[in-house]
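Just so we're on the same page: letters track the sequence lines, and every chain starts at 1.
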Number of protein chains: 2
Amino acid sequence: MKRTDSKIKTITQTLYSAGFKLTPQRQVILKVLLENEHLSAEEIYLKVKIENSSVGLATVYRTLDLLRDLNVLNKMTFQDGISRYDLNNSGHLHQPHYLLCQKCGKIDEVENDLLLEIEKTIEELYHFKVNDHRLTFQGVCRSCLEQS
Amino acid sequence: MKRTDSKIKTITQTLYSAGFKLTPQRQVILKVLLENEHLSAEEIYLKVKIENSSVGLATVYRTLDLLRDLNVLNKMTFQDGISRYDLNNSGHLHQPHYLLCQKCGKIDEVENDLLLEIEKTIEELYHFKVNDHRLTFQGVCRSCLEQS
DNA sequence: CTTGGTGCAAACGTTTTGCAGTATC
DNA sequence: GATACTGCAAAACGTTTGCACCAAG
């Protein structure tokens, strides 16, 4: 069994156990999400249309919302105001960090858990209970550096 | 001379040296920005209207854009997709980090430069030239913790 | 009188919602 | 046949833009 299949199965179970169905539309959307990272809703919609041209944009949004409610999906909004989506826990042990290239716009992910230390400091110093964090670096990526 | 006055003066000089004017509208917007942190455009607009009811929302946006071009203002977009604005370098030695309370929505700032270490790691490991970073913690703030 | 600046309203791009119709158990 | 679920179109939201008018050197 392929890794993708087992993920689909897990998500299907999550859906059904919450009283929802795995419709053909949701299947295609999940497929696109499994094959890609940090796509925007529009980008997901376009890729979905290639496989099933009758799917509406509203369905994409509703499915993304649903998956987010089920904690299957992560929604992120970067500085451009456009939200991007990723399936949760795609093999990450820790919350990934992001590298946004200011030249080409590419978004890379990085794993690094040095933040745990900082989190502890924050909790002690400010009495703020940390549930989650997000760290983004802006700069210039490797390939853009090499081109200049 | 009040601190606020000297800041206004600096910004005015920046404006004029770039060929722009300090109009009454821009003055009021700057006043609001000086007295508040991380407001949205709409919030700035409402506060501006209290002092000068004829200012338009478009002017607020245009002024914010202008100030950003002049590197006087910082624009940030959090997960809700709404941009928030802050005057730069309001006494911060280092880039501040944010504490977003998931209960009351309050945004607090925190200073901490432990990230420099992580930045160095990123640059070495991924050959990514870091220009800037943003770190946000989501959780529950002190007053919300005490209320429960 | 030329230039930058303004208010207003219309347009924009992303996201949400209302609704009538469809699919599934 | 009740209950999700869907596509479509319209609306909503924050933001930007076009335009005619205004203000200041």
Side-chain angles (χ1 to χ4, degrees), chain A residues 11-30 32-33 38-70 72-85 105, chain B residues 11-30 32-33 38-70 72-85 105:
Chain A
I11 296 170
T12 308
Q13 284 167 357
T14 309
L15 275 171
Y16 274 86
S17 63
F20 301 104
K21 298 167 193 166
L22 181 67
T23 62
Q25 289 91 336
R26 290 181 181 163
Q27 235 174 107
V28 180
I29 292 169
L30 275 172
V32 170
L33 288 171
H38 28 74
L39 292 183
S40 68
E42 186 76 25
E43 288 166 343
I44 293 168
Y45 172 64
L46 290 175
K47 282 184 186 287
V48 163
K49 289 216 94 166
I50 293 171
E51 312 228 354
N52 181 344
S53 60
S54 73
V55 178
L57 182 54
T59 299
V60 172
Y61 275 105
R62 280 188 283 235
T63 302
L64 294 174
D65 262 21
L66 176 61
L67 294 176
R68 198 152 66 103
D69 286 347
L70 297 174
V72 168
L73 190 86
N74 228 341
K75 172 181 176 174
M76 303 173 305
T77 308
F78 290 107
Q79 278 80 336
D80 58 4
I82 299 176
S83 294
R84 303 184 160 269
Y85 302 84
Chain B
I11 295 170
T12 308
Q13 283 168 357
T14 309
L15 275 171
Y16 274 87
S17 64
F20 300 105
K21 298 167 191 168
L22 182 65
T23 62
Q25 291 91 334
R26 288 179 183 165
Q27 233 173 106
V28 180
I29 293 169
L30 274 171
V32 170
L33 287 172
H38 28 72
L39 292 183
S40 67
E42 185 78 25
E43 289 165 343
I44 293 167
Y45 171 64
L46 290 174
K47 281 184 186 290
V48 164
K49 289 217 94 170
I50 292 172
E51 314 227 355
N52 181 343
S53 60
S54 73
V55 178
L57 182 54
T59 299
V60 172
Y61 275 106
R62 279 188 283 233
T63 302
L64 293 174
D65 262 22
L66 175 61
L67 294 176
R68 200 151 67 101
D69 286 347
L70 297 174
V72 168
L73 191 86
N74 227 342
K75 172 180 178 176
M76 301 173 304
T77 308
F78 290 108
Q79 279 78 340
D80 58 5
I82 299 176
S83 294
R84 304 183 160 268
Y85 302 84

Exercise. Do A/Thr63 and A/Thr23 pass the side chain to side chain contact (heavy atoms under 4.5 Å, CB included) test, and can you show the C-alpha distance, the side-chain angles, and the key distance before you say yes or no?
Worked result: CA-CA 10 Å; A/Thr63 302; A/Thr23 62; over 6 Å; no
Exercise. Which ones in residues 38-49 of chain A lie close to DNA chain D, meaning a heavy atom under 4.0 Å from one of its atoms?
Worked result: none
Problem set entry | For A/Val55, side chain to side chain contact (heavy atoms under 4.5 Å, CB included) partners two or more places apart | A/Gln25, A/Val48, A/Asn52, A/Thr59, A/Val60
Exercise. What are the two closest non-hydrogen atoms of A/Gly81 and B/Thr77, and how far apart are they?
Worked result: CA-CG2, 4.1 Å
Problem set entry | Nearest atoms (heavy-atom pairs only) where B/His38 meets B/Arg84 | O-NH1, 2.9 Å
Seminar exercise, completed: Contacts of A/Leu66 meeting side chain to side chain contact (heavy atoms under 4.5 Å, CB included) (sequence neighbours excluded), chain-then-number -> A/Leu15, A/Phe20, A/Arg26, A/Leu70
For this session: Can you measure from CD (A/Glu43) to CD1 (A/Ile82) and round to the nearest 0.5 angstrom?
Result: 8.0 Å
Exercise. What distance do B/Leu22 atom CG and B/Thr14 atom OG1 have between them, rounded to the nearest 0.5 Å?
Worked result: 11.0 Å
Exercise. Which of residues 11-26 of chain A sit near DNA chain D, with a heavy atom under 4.0 Å from it?
Worked result: A/Phe20, A/Lys21, A/Thr23, A/Gln25, A/Arg26
For this session: Could you walk me through whether B/Thr12 and B/Gln27 pass the side chain to side chain contact (heavy atoms under 4.5 Å, CB included) test, one step at a time?
Result: CA-CA 9 Å; B/Thr12 308; B/Gln27 233 173 106; over 6 Å; no
Exercise. Measuring from B/Ser40:OG to B/Leu64:CG, what's the distance to the nearest 0.5 Å?
Worked result: 10.0 Å
Seminar exercise, completed: Minimal heavy-atom distance between A/Ala41 and A/Leu57, with the atoms involved, is O-CD1, 4.3 Å
Problem set entry | Start and end of chain A contact along DNA chain C [non-hydrogen atoms, under 4.0 Å] | C/dT14 to C/dG18
Exercise. Do A/Lys21 and A/Tyr16 pass the side chain to side chain contact (heavy atoms under 4.5 Å, CB included) test, and can you show the C-alpha distance, the side-chain angles, and the key distance before you say yes or no?
Worked result: CA-CA 6 Å; A/Lys21 298 167 193 166; A/Tyr16 274 86; 4.3 Å; yes
Exercise. A/Lys47 pairs by side-chain contact (heavy atoms from CB on, under 4.5 Å) with which of A/Leu33, A/Val28, A/Leu39?
Worked result: A/Leu39
Exercise. What parts of residues 55-65 of chain B reach DNA chain D, counting only heavy atoms under 4.0 Å away?
Worked result: B/Leu57, B/Ala58, B/Tyr61, B/Arg62
